[in-house]
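Here is the structure we will look at, set down as structure tokens.
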Amino acid sequence: MMRIAVLVSGGGSNLQALIDSEKRGKLRSGRICLVIADREGAYALERAKHAGIKALLINKKALGKEPFEAALQEALLEADIDCVILAGFLSILGQTILDAYQNRIINVHPSLIPAFCGDGFYGLKVHEAALKRGVKLSGATVHYVNHITDGGEILLQKALPVKKDDTPESLQQRIMEKAEWQILPRAAEMLCRRLCKERNDAKRKTK
Ligand code: GRF
């Protein structure tokens with residue numbers, strides 16, 4: 001059973017999808033052991049507390065970049081975390097954590113990468129750009145996190161039609177409900193299952 005940390009910055013609807021997925025027994029190979037917010041006022045922390053999950057605020061603005069990174073690393077280590085899920089997390093992770101959790105960090109992005117991603121594409125900005133470009137399909141992507149923003153290997157994607165009368169808000173809501181909240185829990189199970197297998201294979205080798 002992998003120990004999962006979920007990093008958040010906002011409302012936590014993707015975190016809630018992960019929590020609900022675990023409750024329904026869909027997230028079988030991992031357990032959410034820790035939720036960390038990088039800023040004050042993230043309702044996601046309330047969701048974690050309500051679900052009985054350890055919830056931490058590590059305030060990046062108050063701490064500054066390096067101390068934030070160090071505190072984040074310390075919290076992950078202390079909780080013996082195996083893998084990290086970025087769920088509406090708006091801070092860029094530094095190289096120390098990326099190296100420590102290589103191929104063990106995933107992120108959900110609200111577009112079909114490589115469209116509308118990278119620096120500056122987050123939240124409503126993604127959907128504003130999609131509507132401005134006039135794409136007929138958009139959706140969500142779960143990908144591994146590396147040193148390139150939204151640049152890691154793609155794990156899962158789900159596409160949805162863009163409606164003629166869509167606003168950035170209506171498109172965001174539909175992509176969250178019909179895409180993000182579906183594929184993030186599925187990707188989390190894929191990640192944890194792979195890590196469990198790797199751990200068991202390593203144990204067999206040492207016998
Ligand atoms: C939303 O824009 C979502 O598309 C993106 O992060 C934002 C907040 O998500 N992934 P959440 O409700 O905090 O999970």
Side-chain angles (χ1 to χ4, degrees), residues 4-23 26-27 30 32 34-51 53 55-61 72 83-93 105-133 135 137-145 148-152 154-163 166-188 191:
I4 303 169
V6 183
L7 307 189
V8 297
S9 297
S13 67
N14 280 289
L15 168 67
Q16 193 62 56
L18 289 165
I19 291 169
D20 296 347
S21 173
E22 187 179 331
K23 278 203 186 110
K26 298 264 187 213
L27 183 53
I32 304 167
L34 176 62
V35 174
I36 300 176
D38 62 351
R39 62 199 66 197
E40 289 190 335
Y43 184 69
L45 286 190
E46 298 314 310
R47 294 178 190 268
K49 290 171 193 164
H50 184 70
I53 300 168
L56 286 182
L57 166 63
I58 303 182
N59 191 326
K60 183 177 177 185
K61 196 171 174 189
L72 187 54
C83 54
V84 180
I85 301 177
L86 310 186
F89 187 66
L90 296 176
S91 292
I92 299 295
L93 293 177
I105 309 175
I106 59 174
N107 176 54
V108 59
H109 182 76
S111 77
L112 296 174
I113 289 176
F116 313 115
C117 68
D119 296 337
F121 283 104
Y122 57 88
L124 275 179
K125 293 173 187 288
V126 174
H127 309 293
E128 286 160 0
L131 292 172
K132 188 172 176 205
R133 185 63 185 83
V135 294
L137 288 174
S138 191
T141 302
V142 178
H143 61 93
Y144 282 102
V145 173
I148 301 163
T149 307
D150 299 330
I154 290 173
L155 254 174
L156 286 178
Q157 291 190 304
K158 183 167 182 186
L160 297 173
V162 177
K163 295 179 179 173
D166 259 326
T167 63
E169 291 75 9
S170 65
L171 183 56
Q172 176 181 53
Q173 189 58 34
R174 193 162 67 256
I175 287 176
M176 278 204 274
E177 285 174 14
K178 306 288 184 204
E180 292 177 50
W181 301 346
Q182 319 291 326
I183 64 175
L184 186 58
R186 237 182 278 154
L191 170 62

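Each ligand, and each atom within it, is numbered from 1 in the order the structure gives. Along the sequence shown, residues are numbered consecutively beginning with 1.
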> Do any N or O atoms from the side chain of Arg47 and from the backbone of Gln16 form a donor-acceptor pair under 3.5 angstrom?
Replying inline: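 Not at all, since once roles are kept as given, no pair shorter than 3.5 Å links the two residues.
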
>> Closer than 3.5 angstrom, by distance alone: can the side chain of Ser21 be matched with the main-chain N or O of Pro185 as a donor-acceptor pair?
In response: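 Here the side-chain-to-backbone pair does not exist.
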
>> Starting from atom 12 (O) of ligand 1, what is the nearest protein heavy atom, named by residue and atom, and what distance separates them?
In response: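 The protein heavy atom lying closest is Ser13 OG, 2.6 Å.
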
>> What protein heavy atom lies closest to atom 9 (O) of ligand 1? Include the residue and the distance to one decimal.
In response: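 Looking only at protein heavy atoms, the one closest to atom 9 (O) of ligand 1 is Asn14 ND2, 3.7 Å.
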
> Atoms of ligand 1 less than 4.0 Å from Glu180 heavy atoms?
Replying inline: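 In order of numbering, the contacting atoms are 3 (C), 4 (O), 5 (C), 10 (N).
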
> Can you list the ligand 1 atoms lying under 4.0 Å from a non-hydrogen atom of Pro110?
Replying inline: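 It comes down to these atoms of ligand 1: 4 (O).
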
> Got a sec: does the NZ of Lys61 have more than 12 other heavy atoms crowding it under 6.0 Å?
Replying inline: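 No.
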
> So which of His109, Gln172, Arg47 gets nearest to atom 1 (C) of ligand 1, if we judge by its closest heavy atom?
Replying inline: Gln172

> Of the listed options (Ser9, Gly88, Gly12, Gly123), which comes nearest to atom 13 (O) of ligand 1 when hydrogens are ignored and any heavy atom counts?
Replying inline: Gly12

Quick one: side chains of residues 114-129, donor-acceptor pairs under 3.5 Å with protein atoms, not counting sequence neighbours, listed by atom name and distance.
residue, atom, partner, partner atom, Å
Asp119, OD1, Thr149, OG1, 2.8

>> Run the side-chain contact (heavy atoms from CB on, under 4.5 Å) test against Ala48 and tell me which residues pass, sequence neighbours left out.
In response: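 If we apply the side-chain contact (heavy atoms from CB on, under 4.5 Å) test to Ala48, skipping adjacent residues, the hits are Leu15, Val35, Ile53, Ala55.
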
